[in-house]
Each structure stands twice: as structure tokens, then as C-alpha cells.
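Working notes, beginning with the structure itself.
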Amino acid sequence: MKLAISSDHGGNNLRHEIKQLLTELNIDFEDFGPESGQSVDYPDYAAPVTKGVASGKFDKGILICGTGIGMSIAANKVNGIRCALVHDVFSAKATRGHNDSNVLAMGERVIGPGLAREIVQTWLETPFEGGRHERRIEKLMSLENN
């Protein structure tokens, strides 16, 4: 698995925590920044992650900002992306199992590093269930061109 990760200034600290977790889990990832905690525009940092996932360069992506809201909105503007804003373990499991989400968004100002690590690990380890959910994903993805 190859992941892409990014944040804006509001998610910078949590991004470093999640990068440490990915290293511990031996997951290959590319970090798209930012390099410092200075104010940046979240769409600029969501773009390389989502475009990389949509193109198949990366299997999944993780985006972090202050609340996760801006990043998730930006991510879902890209065709082929199913980004879920998650702040609890149950939702992390459900969005992979039922929605086959390929990008995870979180908010540093909403959750702490321990919970974030648990969310990411659950999200990464939960497979898509398929079955009845496949039909729903097809319908969801057909909305992109309408």
C-alpha cells in the first residue's frame, strides 16, 4: 500500500503524529506538507493527495486540517475520491467497510493524537465489504458526471 498525506497549518502537528504511525506500521507514504506551521490554503494541500489517489499513484490518502471539514470538501471535488471526515473509530470502520472511502479527513482541533492514531489504523485495516455496498458505490460515483 502506498499512501499520500497532507495537512494545512491547522493539522500540521497531527500530520507528524500520523506520519510516525505510518512509519511504525511500515506503510510507504509521501508527505505533501506543509513544511512549517505558517498559514496556508487547504485546497492547495488537498490537491496533490486527491489527484494522486484518483490517478492511482496512491492507494489511499489522509488529509488533516483544523476541523477536517475544509479538507473533506476540497477532496470530494475531485472525481474518483470518496473522502470521509472521521472523528471516531466506529465511523472509520464503517466508511471503509460500507463506503470504500479512499481518503480520510480528520481535524486536529477536534481529536487528540491517540484517538487519531486509532482511527487511522482502523481505517487502514478495514476492508471494503462489497456485496450490497458495491451497487451503492456505483450509484454514488455516477453522481460525479451529473
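The hydrophobic cluster containing M141 does not contain V78, counting ILVMFWY residues as joined when their side-chain heavy atoms lie under 4.5 angstrom apart, directly or transitively. L63 and L22 sit in two unconnected hydrophobic clusters of ILVMFWY residues. Membership requires side-chain heavy atoms under 4.5 Å apart, directly or through other members. In the hydrophobic clustering of this structure, I64 does not group with V40; members are Ile, Leu, Val, Met, Phe, Trp, Tyr whose side-chain heavy atoms approach within less than 4.5 Å, directly or through other members. Two different hydrophobic clusters hold F32 and L14 under the rule that ILVMFWY side chains link at heavy-atom gaps under 4.5 Å. I27 and F128 fall into different hydrophobic clusters, where Ile, Leu, Val, Met, Phe, Trp and Tyr side chains are chained together by heavy-atom contacts under 4.5 Å.
Side chain of H87 to main chain of T67: a donor-acceptor pair is present (N/O by atom type, distance under 3.5 Å, no hydrogens or angles). Between the E144 side chain and the G80 main chain, a donor and an acceptor come within less than 3.5 Å of each other. A donor-acceptor pair under 3.5 Å is absent between the side-chain atoms of T95 and the main chain of S101, judged by distance alone. When atom types are taken as modelled, the side chain of D59 and the backbone of K2 share a donor-acceptor pair closer than 3.5 angstrom.
Of the listed residues (K93, R96, M106), just one forms a side-chain contact (heavy atoms from CB on, under 4.5 Å) with W123, and that residue is R96.
Hydrophobic side-chain contacts under 4.5 Å tie I73 into a cluster, directly or through other members, with I69, L85.
A heavy-atom distance below 4.5 Å is not found between the side chains of L3 and D28. You'll find the side chain of N102 reaches within 4.5 Å of the side chain of I81, heavy atoms only. Contact of the M71 side chain with the V49 side chain is not registered, since no non-hydrogen atoms from C-beta on lie closer than 4.5 Å. Between L124 and M1, the closest side-chain pair of non-hydrogen atoms falls below 4.5 Å. Looking at heavy atoms from C-beta onward, F58 lies in side-chain contact with E30 at the 4.5 angstrom threshold. Residues I18 and I62 have side chains in contact (heavy-atom distance under 4.5 Å, counting atoms from C-beta outward). Counting heavy atoms from C-beta on, the side chains of N12 and P34 come closer than 4.5 Å. The shortest distance between side-chain heavy atoms of D31 and R15 falls below 4.5 Å.
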Residue pair I137, R82: steps toward the side chain to side chain contact (heavy atoms under 4.5 Å, CB included) verdict | CA-CA 9 Å; I137 298 301; R82 291 177 306 281; 4.1 Å; yes

When you look at N13 and E108, which way does the side chain to side chain contact (heavy atoms under 4.5 Å, CB included) test go after all the steps?
-> CA-CA 8 Å; N13 294 326; E108 179 177 321; 3.4 Å; yes

Passes side chain to side chain contact (heavy atoms under 4.5 Å, CB included), D100 versus H133? Steps please.
-> CA-CA 9 Å; D100 196 22; H133 303 294; over 6 Å; no

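Taking all atoms of both residues into account, the shortest heavy-atom contact from G130 to E134 is CA-OE2, 3.4 Å. Residues A74 and A46 approach most closely at CB-CB, 3.9 Å, considering heavy atoms.
Among pairs with a residue in residues 109-122, those fulfilling side chain to side chain donor-acceptor pair (under 3.5 Å) read E17-R117, E24-R117, Q121-E125, at least two apart in sequence or across chains. The stretch residues 35-57 participates, sequence neighbours left out, in no side chain to side chain donor-acceptor pair (under 3.5 Å) pair at all.
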